[in-house]
Structures are given as structure tokens and as C-alpha cells.
Chemist: 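Below is one structure. I have some questions about it.
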Amino acid sequence: MERQAVKKAREAFLSGRTRALEFRLQQLIALQKMIEERQTEIATALKQDINRSQYDTPLLELIGLENDISLAIAKLAEWAAPRPVERNLLTIRDEAYIQPEPLGVVLIIGAWNYPWALTLSPLVGAIAAGNAAVVKPSELSECSSLLLRALLPRYLDQDLYPVVTGGVSETQELLKQRFDHVFYTGSGSVGRLVMEAASRHLTPVTLELGGKSPCYIDKDCDLRVACRRITWGKFTNCGQTCIAPDYILCEASIQGKVVDGIRQTLLEFYGADPKCSADYGRIINPRHFNRVMNLMEGYTAVLGGQSDASQRYIAPTVLKDVPPHSRMMQEEIFGPVLPIVTVSDMDEAIRFVNEREKPLALYIFCSDKLAVKKMIEETTSGGVTVNDVMMHYTLSSLPFGGVGQSGMGSYHGKHTFDRLSHMRACLVRSLGMESFNLARYPPQDRQRARRVRMALRSPMIDFSKRTFVWAVAASVVAFGLFVTLLVILLIASGLNCTCWYWQGFYN
Amino acid sequence: MSREQSLVQRARKAFQTGKSKPLEYRLHQLRCLHRFITERRRDIADALKKDLCKSDNGTELFETMSLEGEINLAVERLAEWAAPKPVEKNLLTIADEVYIQPEPLGVVLIIGAWNYPWAITLQPLVGAIAAGNAAVIKPSEVSFHSAKVMEELLPLYLDRDLYPVVTGGASETQELLKQRFDHVFYTGSSSVGRLVMEAASRHLTPVTLELGGKSPCYIDKDCDLRVACRRITWGKFVNCGQTCIAPDYVLCEPSIQSRVVEEMRKCIKEFYTDDPKTFEDYGRIVNQRHFKRVMALMEGNTIAIGGESDETECYIAPTILRDVKVESKVMQEEIFGPVLPIITVSGVDEAIQFINEREKPLALYIFSHDKKLIKRVIAETSSGGVLANDCLVHFTISALPFGGVGNSGMGRYHGQHSFNQLSHMRSCLIKKLNMEGVNSMRYPPHTSKKLSWARFFILKQINVGRLRRLAMLTMFSALAAFVVQRFLR
């Protein structure tokens, strides 16, 4: 079944209908319609999957998606247009440009924590870039995946964008097929298998993985606001967010205040009993529930700690004085458990972060600009947000992705389009001017070589955008100065007509 | 611990000291690399003569010149490339600092090829150094003399811990591939490319693969055949056909096939004299194995020009085959030798179909006066790069990303593209701890009112650039009004 879907998608792609921008726009508009019209059904499916509140669904998934689609529709013509490049003297009379082209058939493997955003956002880029796409939503978010399979063919071209549901064996079967790009969101262990499968066909991959995103709180900062933002980021979607702050690093002297700040905020957000709050989620399934519960074993929670296996409910939990090498610090938590590890200062925090794998996100809460710049410079991560959490995800102009174990490749906005396109280098010369080429033909000699060297240099007039902008700016300023000069001359010559004009105005 | 393991560990330790981070250090290393090429020209040329029978001028033209160009460009533009790049903001982030910061990846493995051992191994190194990485350089053992010279001399110019050279064969390469790198840059064949990517997948290491394929060359019947054949002949027989972007085979209509052959015969004579074997600028096949491979490919085809060979010298004359059948061996694999098959097609439609039935090539060449036809072929095919009315020169424009697609490779380099490919583009958002009121719309308990505010803030498209221009225009007009009012009373 999987093989059939891929074959049909490839045939549909080879028919050439995705090449026209109008077709791609039409598909994007249809996808937009689907999200607008089916909001309630999507929210219901998410409630069943992960107990997502009806407001969190648009807030965390759908608004961002709508934004992505609107951006793609508005900018598609610009993104898909040929991009002229700087030439050298040899090619100065030629057309040199980069032409974005579709890759072919893209495989998109979604995740279960934000099943709609993480599956459809890459799809937006795939459609915009003119590819066909086989969409494989995660089987763990079962209701969402079945709903997607029912809805997508009703809005989008069924052959070009098939939805394939299923578990591990269906995914393995899919990965045996040949694609032109595989876009995977999920865990590092499966990411390795995806890349290995892709290597057999020399298929490029984008892997959006995870890791333990550290959150450093400086002792001299507004702890109240910091704790508020961290609490929001950590316990949204019950901690099941790839860029959730995984653990906190702070000095021992402020640990108590941090706990208090979080305690206050939790009360404000979810009330005295988060289990009864409509806005507090649940763990996706018993397996992950047990996994997170096991991580907590042996610790005394300073906040929360309660759980209810029948509902897969884990209370918002904070642990203090967690040892750096404990089990809790070995794997990504992906749950509503927030350990605090104490460090002596920012330098130790930097060392701590650097001793571990590169995380998907790094958070720094600090009012000192210089200290912030230092921490950013001395560490690395997929992305970094200072004085807040997760917000770098919301700007489509920022490339979202990991580095090292947290992933490879990036997307969002134009970056998705570029990632899922082939940037083809094009040089169109003419058959004339052959005399310029003589220097390169054998028999070779030093003089000819010198001529070729000259030709390969950049032209004296730099056609890059920067110079063009300067030229325009200089012209505008010059014109302005000229006008000013004219006005001053007119005044200086004391022309009556000027005064007369103004007299008339005031009368 | 194996030699390879300890070298990689040393490189990583050297990287972690942070010494490659400052731009001055990277510029210093790049200038040392440039000095290496200019001071050791003789050694490089001698090594290439022994490896590939490359003439001195050929060496300069095809290896060192482009390398020097890349280094000069990197030195000139490094500050610009490495600077943080501000990006467009939205309403929510209008008061924040938002930018993309290029960062080094760590330790890069560069596996070079034997056909242009210096250009292909050192050009990625320029990008690696510019991006602030450490790099383990593994030149190809097939170009044995060049590898030796690189191993002996490069450490005299570059930091020997950060940029070690590892020589050896298949087993040394396999040992290297077991180590963990932050990026692997491989140039070579597709079959080994698969193994490289598979090895990299174990460590989740991103790869750049510059592979090959059969680069088609379509000659339209209405074009200046004399010039076209000249350029194709040059592109094909440079380095004895051992160029990844050499025109692999020609597609043309039967009516012009004979003329094409004649024009090429004239060019071969002009370039390489009647006896290319004795001519300095004509190269040799790199070794016996490849010599036998290319000779076997010629079997069963009509030789229109050339065909002579000399196994003792690994010499194959510039050879052109005509009326080649699609099923013949020469059309099954990349030739990588001085043998140019001509396949006849009925027109551009059949040529496009022919190209699309095969794997995406690294380069596509189209010779025609008709701009519309050229644009059509470009639109209806795909390839790493495409060049109309010439061969190979798209390689020289560093602003054009050089790389393959599909079986011809993934990733790209040259100029700034090398820098970007070997950097991590880190997204940075710097907010402040004030203005907390704005955030309240995202906090629980959720209400529909909060949601509508959130929708407004996120979905409102803000063109900060336009706002800024508008503000400046307003200020300028106010100033002008003030000046006019003040001085014209």
C-alpha cells in the first residue's frame, strides 16, 4: 500500500502539474480552507489524543500554521523566482542565476506532540516548492492521524499528497521506497534509522530531533517574570514540547525563590488542582507516562509529584538540588517534570551546557547584556531565546532546527521552501565572443594563464546588492542636497517672487 | 587507540580551546594557506605531473587558480559572512534583537578526490577554516604523490592540530568514518557516497556529497557548430576527461552528427596536435585500473576519431564514438575518460525525454542560439547545475552554488556557500524581562478574548523596513517644512 502511494505520487509529480505557481497557490489556499473550516474537529481530535484545551490548539498549532500558509501564498512568486548572482569578468555579459526547482517526492514523518503543526508545516513548504509529498502522521496521536487521513484528500490533490497512516512496520516500508527528501520530526534514535535508510538512495534528510534544552537563570534578574515565562513554556502541552525548557540551572542562593515563583505561577495558571483545569494536558500514552514516572523515582518533589495513571495525569512537578549525573539528567524528559540543578555561577553553567550534547534550544534569563552575549558566544544550540522561552519558534524569518544530536537542516517560512527545493546553478552564455575564450584553450602558456586569471576576477564595478543600495542612497542624498542648494540660492538672491508667493499664502 | 582516532581527538581538543573562533585567527590561517600555494607551486606541479601527467600550465589553470580565488574571496568577505544577520520581525518581537548567528560546527572531515587533488581537497578546507572549524583532511590515495606532498608540507603552514592531514587507503578511510565528526564533506563516486552517508548516520552527522553521473550535452542543429564543438572538445578532454562536470556524452540530431565529428577532429588537432601522446598539455589516465575500465567501455562502438592507447603510459587518445546505442556499456556508467559518445535523437523533445529517463546529472550542457529552447530545456529537466553554450565555466563563479541533486549529490559549496554549508546558522532572539503584560494573552487560564489578541499579534504582517522608511520620510518632510518656514518668512 505504501509502495502504491509513493508510486502514484511520483507519477503525479512527473505529470508536471506542480510546476505552475497557480497550482501550488491553489493547493495552499485549499489547505488554509481546511484548517479554517475544520478547527472544531481538529480541536476535538487533539482533546482525545492529548487532552489539549480548546484554546491551546489554535494558540499553539493552528495560528502558526495559518501564518505559515499566508506567508507562503504572499511570497511564493518571490521565493520561486530566479535569483541573479554576482558574476566575474569572464561571464559579465552572461545570465547567471540560481533557479529554485522542486526536488520530487518528499516524505514527511510527523510527530505526536503537535500533530498538526509538525506534520503540516513541512507540507506547506513542500507544496510551495512544487514537490509531491507523502504525509505520514504519527500513530501515537491516533485521532489526529485518522482525521488527517480523512480530511486532507478532500481538500488537496489526492495523488500528489497522500496520507499514509500506520505504525512502525508501515513507516519502515515507506523508508524502503525512494524519495527525493525525507523530513523527519521525532527522536534521535529513530532519526539515525531514518538517515541510514535514506543513505541507501542518497536521499537528503531534514531531522528535527530533540535533546535537553537548558534554562539558565541569573541571580540578578526579575525572577518573578522569569519564572512565569519558564512555567508557561515548561508545562504547556504537559511538557511534551521539543523546545520546552528541560531543566533549570541557577545558583543555590536563588533556588528557593525560583521554586516559589513557579509555585505562584502554577496556582495562577492551573488553580490549586491542575487535574481539574481545562487548560492542563495529559501524557500521550501509558508508555510515556511510565517513562516519565520512572524518571521521577527516587526524588522528592518540592512541587507537585502527584499522578493518576488512569488519566495519564502527572501534576506539574519541580525537583530541586538534582545531581548533574542522575538518571533524570540523562534523557530528554518530555513531561511536566522540571529539575533544578545548582551551579556556582554563569561560567559553571556554560561548562555544564558544553559538556553535554548540543541542545535544540538554549534559554538564558539575565538582564546583563554583556553576560548574555558571552553565554551565547561560548555555547552552541539549535536556537537561543533570551529572557523568554520558545518564542524563537514563532518567527518565520528565523531558521528553526537543531545541530549535532538535536538535528540537521532547518525550516519555517522561506527556509522550508529553500530546504525542499533544489537550488540549481544556471549560467546562460552566448556562442559569440569566442575570442575571450582563447586564453583557456591548449596549447597553454604563462601569458594565456595570466589572461585567464584576470578574467576570473570580480568585475571592477561590483554589482552586488550592497553597492547598488549605496549608489541609490548616494543619489538620493545628492539630489536632496542639490534641491537644498537651489532653495538657498533662491533665498540668497532675494527673489521677490518667493516672498510674493508666501505673502499670497498667508493672505 | 588508532592513529586516526587520536588525530581526530587532537583536532577536537584544539577546536574546544576556542582558538579558531576569532576572525583574525581564521584570516591568518587562510593567508598561510595562500602562502603555501604560492611558495610550493613547484612541489604541487611536480606531484600533479607524476599523478596525472598534468602540465604546469594545466595545473595553474585548473587547480591553483581557483583555489587562490576562493582564498582571496574568503579573506575579503569573512567579516561580512561571519557577522550576525538581522531578520524581519513581527509585532510581538518588534522591540527585540532578532538575528541569525553563523557558528562553527566543530570538526569537519574532508575526503578529497584524485582528479583535481588540490582544488577538490583544499577548496572545502577554505570554507571549513573560514567558518571556524577544525578539519581532518583525507586526500585520495589514488593521487598518491599529491597526497604525500600535502601530508608533508601542509603542516608547515597550517596549525597541525586543527588541520591534520591523514593519508591512507580504504581501511584508513573506514577507520576515520567510524569517528564522530560534526560534518563530513565527501567528493567522489555515488557508491562510496552511500557508505559515507551511512557511516555518518550513526553519529547523526550532516554530510555534503559531491558525486558525479553522466552529464549530457545537447547540441541544437541550428547553432554555430564550430564554436560549440570547440568548447565541448575543450571541456571534455581537459584532464583527459577526468572531470566530474565534463560533458559525458553528446545528444544531437543525425543530420549534424558528421559535422560535429569533423569540427571536433579539427579542434583536437588544434589543441593537442596530430600526436596528443607527445603533447605536454594532454594528460594521462590516473592508474591501470581506470585505464582498463575506460578501454572496456569503448567496446562494441564505432570509433569516429582516436581510439589509440598505450597501456604502459595509461594513455588513451582523444576518442569520439558515433551512433552509440543506448544499451551499450559506455552509456551505463560515468565515463571519466577521454571518450565522447554521440547519441542521435530526433530533436529537443527526445533529448529532454532521454535526460529525464536517467539519474539527475551533476551538470547539463545545452548548445543553441534559441534562448526559448534553452529556457525550455532548463524548465523541463533537472541537474546539479546547467550551463548553456559552454562547458565547465559555471564552476568559476563562486556566487553560484556548486553541487549535485539526487544521485549526483547533496549540499553545495564555493564562495559563501562553503562558509554557510560548514557553519551552523543559530537563531537568536533576545527579549527583555519587561512588557510582561503583552504575554498575558498566552498564559492560562485561556479565554476566547485572549485568543483573539494572540491571533492579531501573530498574524499581523509587519514590514519593519517599510515602517522605518515611512518614519524617515516623515522626519525629512518635517525638517524640510521647518527649514522652509524658518528661512522663507
Side-chain angles (χ1 to χ4, degrees), chain A residues 53 55 58-59 63 67 85-88 91 96 101 188 191-192 195-196 199-200 202 204 221-222 225 232 269-270 279 367 376 380 383-388 391-392 395 397-399 403 405 408 422-431 434 441-445 449 452-453 456 491 498 502, chain B residues 55 57-58 60-61 65 69 87-88 90 93 98 103 190 193-194 197-198 201-202 204 206 223-224 227-228 234 271-272 281 374 378 382 385-390 394 396-397 399-401 405 407 410 424-433 436 443-446 451 454-455 458-459 487-488:
Chain A
S53 87
Y55 296 110
L59 189 66
I63 296 180
N67 200 18
V85 300
E86 204 179 308
R87 295 158 289 183
N88 52 31
T91 48
E101 296 189 338
R192 277 183 182 81
M195 188 174 172
E196 191 192 331
S199 72
R200 282 183 215 117
L202 283 172
C221 81
D222 187 343
V225 176
W232 169 72
F269 286 178
Y270 305 115
D279 295 321
S367 314
I376 295 180
T380 186
V384 59
T385 295
V386 176
N387 291 328
D388 207 342
M391 296 304 284
H392 62 289
L395 257 176
S397 51
L398 282 176
V403 64
Q405 301 293 296
M408 57 181 81
H422 168 50
M423 295 298 166
R424 191 180 192 188
C426 301
L427 177 58
V428 181
R429 312 200 73 197
S430 80
L431 281 165
E434 180 64 353
Y441 296 135
Q444 280 299 319
D445 59 37
V452 175
R453 186 190 286 273
L456 290 182
I491 299 165
T498 319
W502 282 110
Chain B
S55 67
N57 295 308
E60 191 180 344
L61 194 60
M65 201 178 289
V87 296
E88 206 175 302
N90 60 16
T93 46
V98 189
E103 296 187 340
S190 309
R194 279 185 182 83
M197 188 174 172
E198 191 192 332
S201 71
R202 280 179 219 121
L204 284 172
C223 82
D224 187 343
V227 177
W234 170 73
F271 292 168
Y272 305 114
D281 283 329
I374 294 174
I378 295 181
S382 184
V386 61
L387 174 44
N389 292 325
D390 209 337
H394 61 299
T396 67
I397 300 183
L400 281 177
V405 64
N407 269 22
M410 58 180 81
H424 168 51
M425 296 299 170
R426 191 183 193 187
S427 302
C428 300
L429 170 58
I430 309 204
K431 299 182 74 87
K432 298 195 187 64
L433 280 166
E436 180 62 355
Y443 296 141
H446 294 305
L451 186 62
R455 184 182 283 275
I458 295 176
L459 289 180
F487 293 112
L488 272 78

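The shown structure was predicted, so the numbers you read here are calculated from the model rather than taken from an experiment.
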Chemist: Side chain, backbone, both or neither: which part of A:T385 has an atom under 4.5 Å from a heavy atom of chain B?
Modeler: both
Chemist: Is B:S55 close to chain A through its backbone or its side chain, or both, or neither, when contacts mean heavy atoms under 4.5 Å?
Modeler: neither
Chemist: Does A:S397 reach the main-chain N or O of B:E88 with its side chain, forming a donor-acceptor pair under 3.5 Å?
Modeler: yes
Chemist: Any idea which heavy atoms bring B:E103 and A:I376 closest together, and the distance?
Modeler: OE2-O, 4.0 Å
Chemist: Apply side-chain contact (heavy atoms from CB on, under 4.5 Å) to residues A:N88 and B:I397 and explain how you reach the verdict.
Modeler: CA-CA 6 Å; A:N88 52 31; B:I397 300 183; 4.1 Å; yes
Chemist: Restricting to non-hydrogen atoms, name the atom on A:P58 and the atom on B:L451 that form the minimum distance, rounded to 0.1 Å.
Modeler: CG-CD2, 3.6 Å
Chemist: Of all the heavy-atom pairs spanning B:C223 and A:L431, show the shortest one and how long it is.
Modeler: CB-CD1, 3.8 Å
Chemist: Out of A:E434, A:H392, A:E196, return the one with the most heavy atom pairs under 4.5 angstrom to chain B.
Modeler: A:E434
Chemist: Is it the side chain or the backbone of B:K432 that comes within 4.5 Å of chain A heavy atoms, both, or neither?
Modeler: backbone
Chemist: Nearest 0.5 Å, what's the OG1-NE2 distance between A:T380 and B:H424?
Modeler: 4.5 Å
Chemist: Heavy-atom cut-off 4.5 Å, strictly under: side chain, backbone, both or neither for B:H394 against chain A?
Modeler: both
Chemist: Kindly compute the distance separating CG (A:D388) from OG1 (B:T93), expressed to the nearest 0.5 Å.
Modeler: 11.0 Å
Chemist: Highest number of heavy-atom pairs under 4.5 Å with chain B: which of A:S53, A:A96, A:G191, A:S430?
Modeler: A:S430
Chemist: Do you know which two heavy atoms are closest between B:L433 and A:D222, and how far apart they sit?
Modeler: CD1-N, 3.8 Å
Chemist: Quick check for you: to the nearest 0.5 Å, what is the distance between B:L387 atom CG and A:T91 atom OG1?
Modeler: 10.5 Å
Chemist: Would you call the rings of A:Y441 and B:F271 parallel, tilted or perpendicular if under 30° counts as parallel and over 60° as perpendicular?
Modeler: parallel
Chemist: How far apart are the closest heavy atoms of B:S382 and A:H422, and which atoms are they?
Modeler: OG-CD2, 4.1 Å
Chemist: I'd like to know which of A:R424, A:M391, A:R429 tops the heavy-atom pair count under 4.5 Å against chain B.
Modeler: A:R424
Chemist: Can you tell me which portion of B:M197 sits under 4.5 Å from chain A's heavy atoms? Options are side chain, backbone, both or neither.
Modeler: both
Chemist: Between B:V386, B:V405, B:V87, who has the most heavy-atom pairs with chain A when the cutoff is under 4.5 Å?
Modeler: B:V386
Chemist: Between chain A and each of B:G385, B:A399, B:G69, count heavy-atom pairs under 4.5 Å; write down the option with the most.
Modeler: B:A399
Chemist: Before giving the answer on side-chain contact (heavy atoms from CB on, under 4.5 Å), spell out for B:V98 and A:L398 the whole-Å C-alpha distance, their side-chain angles and the decisive distance to 0.1 Å.
Modeler: CA-CA 8 Å; B:V98 189; A:L398 282 176; 3.7 Å; yes
Chemist: Between A:V384, A:V85, A:V403, which shows the greatest number of heavy-atom pairs under 4.5 Å with chain B?
Modeler: A:V384
Chemist: Output the option from B:I374, B:T396, B:L400 having the highest count of non-hydrogen pairs under 4.5 Å with chain A.
Modeler: B:L400
Chemist: Please give me the minimum heavy-atom distance between A:R192 and B:R202, naming the atom from each residue.
Modeler: NE-O, 2.7 Å
